[in-house]
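Throughout, a chain's letter reflects where its sequence line sits, starting with A, and its residues are numbered from 1.
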Protein chains: 2
Amino acid sequence: MEARRDVFQAIADPTRREILDLLSGQPLNVNTVAERFDMTRQAVSLHVKILSECGLIVLRQQGRERICEAQLDKLREVAQWVERYRQFWEQHLDSLEQYLDHLQKQKKHGRKK
Amino acid sequence: MEARRDVFQAIADPTRREILDLLSGQPLNVNTVAERFDMTRQAVSLHVKILSECGLIVLRQQGRERICEAQLDKLREVAQWVERYRQFWEQHLDSLEQYLDHLQKQKKHGRKK
DNA sequence: TCCATAGGCAAGTATTTGCTTGCTAATATA
DNA sequence: TATATTAGCAAGCAAATACTTGCCTATGGA
């Protein structure tokens, strides 16, 4: 459970997405994060490690606690990649809209069931 | 190499992102896609299978060829997820801008090095 | 000072990934 | 019809993933 420190890889795991979600609300220490999940502290700790290694969260020591704070700048990379293809789904939405419009008009001119 | 058919998982692999990129330009058959990569046809074929199973590409049989066509609607899911955190990186950009502005002003009022 | 709490490290396991080689089937073309 | 091309299937493999259990070290409060 190591080696790849890439944002796309990091957010591929649903648990890690949940952790980010949790931390986007407020910073939490490792154990508190772990409590929210149905797995051992170690498992969560590893996810936290991966997230921090790829820069999506920042860890700061506070006494005996390690506070995890979301640092979501790196998500911009993902946003930019996806953005390149926005036209593809918007195009499809457009034709769906047109189709619904078409249905709407058909409904207006007679044959109301 | 199976089991998970999830968009986030699908785009986690750089080869698969490249395949999508390639196909967003124009539809291609499996072998043509495979030629662009430095790995066996089988390996690419598996990536294509995964992409089609999670709905990011559509396969259509044409004689003995299988044409792969990008179908990027599913990326909206990713876009929406990332969008929720846009404020986080834009916020940071803002404070960076403010900081740069600050520097700029400092430069103007005297002490030009 | 003693003990509970926070949390890291290491080893072990099952499953999934990413890729290979070898083979077969179907469709085109000479 | 014989041959080349497209592409799937199956088995095999090393590495990575996603976990676990067990242990050990700090820090902080009673």
Side-chain angles (χ1 to χ4, degrees), chain A residues 1-23 26-71 78, chain B residues 1-23 26-71 78:
Chain A
M1 199 166 170
E2 26 183 330
R4 207 163 325 158
R5 274 96 190 81
D6 164 84
V7 193
F8 287 92
Q9 182 66 21
I11 64 168
D13 188 272
T15 304
R16 285 197 288 268
R17 287 202 300 281
E18 264 192 80
I19 292 176
L20 287 181
D21 198 38
L22 193 59
L23 293 176
Q26 83 266 245
L28 294 171
N29 66 4
V30 179
N31 273 15
T32 310
V33 173
E35 277 164 22
R36 310 291 187 97
F37 296 90
D38 192 26
M39 58 180 82
T40 60
R41 184 174 52 75
Q42 270 70 9
V44 173
S45 181
L46 275 171
H47 284 303
V48 163
K49 195 180 170 194
I50 289 170
L51 287 171
S52 87
E53 276 172 336
C54 89
L56 281 167
I57 68 178
V58 177
L59 296 172
R60 107 186 103 80
Q61 194 78 32
Q62 195 171 83
R64 65 181 163 184
E65 299 182 22
R66 304 190 85 190
I67 312 297
C68 314
E69 195 161 355
Q71 165 84 46
V78 178
Chain B
M1 198 162 172
E2 28 185 327
R4 199 140 0 133
R5 275 94 191 82
D6 163 83
V7 194
F8 286 92
Q9 182 66 22
I11 63 167
D13 187 273
T15 304
R16 287 198 287 269
R17 287 202 300 280
E18 265 192 80
I19 292 175
L20 288 181
D21 196 37
L22 194 58
L23 294 175
Q26 82 265 247
L28 294 170
N29 67 4
V30 179
N31 274 15
T32 310
V33 174
E35 278 164 21
R36 309 291 187 100
F37 295 89
D38 192 27
M39 58 180 81
T40 61
R41 186 173 50 76
Q42 270 70 9
V44 173
S45 182
L46 275 171
H47 283 304
V48 163
K49 195 180 170 194
I50 289 170
L51 287 171
S52 87
E53 275 170 338
C54 88
L56 281 167
I57 68 178
V58 177
L59 295 171
R60 107 186 102 80
Q61 194 79 32
Q62 194 172 84
R64 66 183 160 182
E65 298 181 22
R66 306 191 83 189
I67 312 296
C68 313
E69 195 160 357
Q71 166 84 46
V78 178

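- A donor N or O paired with an acceptor N or O is not found under 3.5 Å between the base of C/dG7 and the side-chain atoms of A/E65.
- Of all nucleotides listed (D/dT20, D/dA7, C/dC19), D/dT20 comes nearest to the side chain of A/A43.
- Closest approach of B/L23 to B/L28, counting heavy atoms only: CD2-N, 3.8 Å.
- Of the listed nucleotides (C/dG8, C/dC19, D/dC19), D/dC19 has the atom at the smallest distance from the side chain of A/L46.
- Contact annotation for A/T40: base contact, defined as any heavy-atom pair under 4.0 Å involving a base atom.
- For the pair A/R66/A/V48, no side-chain contact is recorded, criterion being any heavy-atom separation below 4.5 Å from C-beta on.
- Atom pair A/F37:CZ and D/dC19:C1' shows a separation of 15 Å (rounding to whole Å applied).
- Neither OP1 nor OP2 of D/dG8 sits under 4.0 Å from any side-chain N or O of B/R64.
- Checking the phosphate oxygens (OP1, OP2) of C/dG8, a side-chain nitrogen or oxygen of A/R66 falls inside 4.0 Å.
- For the atom pair CG of B/N29 and CD of B/E35, the computed distance is 8.0 Å after rounding to the nearest 0.5 Å.
- Between the base of C/dG8 and the side chain of A/Q42 there is a donor-acceptor pair shorter than 3.5 Å.
- Here D/dA18 is the nucleotide among C/dG8, D/dG8, D/dA18 with the atom lying nearest to any side-chain atom of A/R16.
- Taking 4.0 angstrom as the limit, A/S45 places a side-chain polar atom (N or O) nearer than this to OP1 or OP2 of C/dG8.
- The side chain of A/M39 lies closest to D/dC19 when the candidates are C/dC9, D/dC9, D/dC19.
- Picking from C/dC19, C/dG7, D/dT6 the nucleotide with the shortest atom distance to the side chain of B/N31 gives D/dT6.
- The shortest distance between the side-chain N/O atoms of B/N29 and the OP1/OP2 oxygens of D/dT6 is not below 4.0 Å.
- A sub-4.0 Å separation between OP1 or OP2 of D/dC19 and a side-chain N or O of A/H47 is present.
- For the pair B/M39 and B/T15, the minimum side-chain heavy-atom distance is below 4.5 Å.
- When the P atom of D/dA7 is taken as reference, atom CD1 of B/I57 falls 12 Å away, rounded to whole Å.
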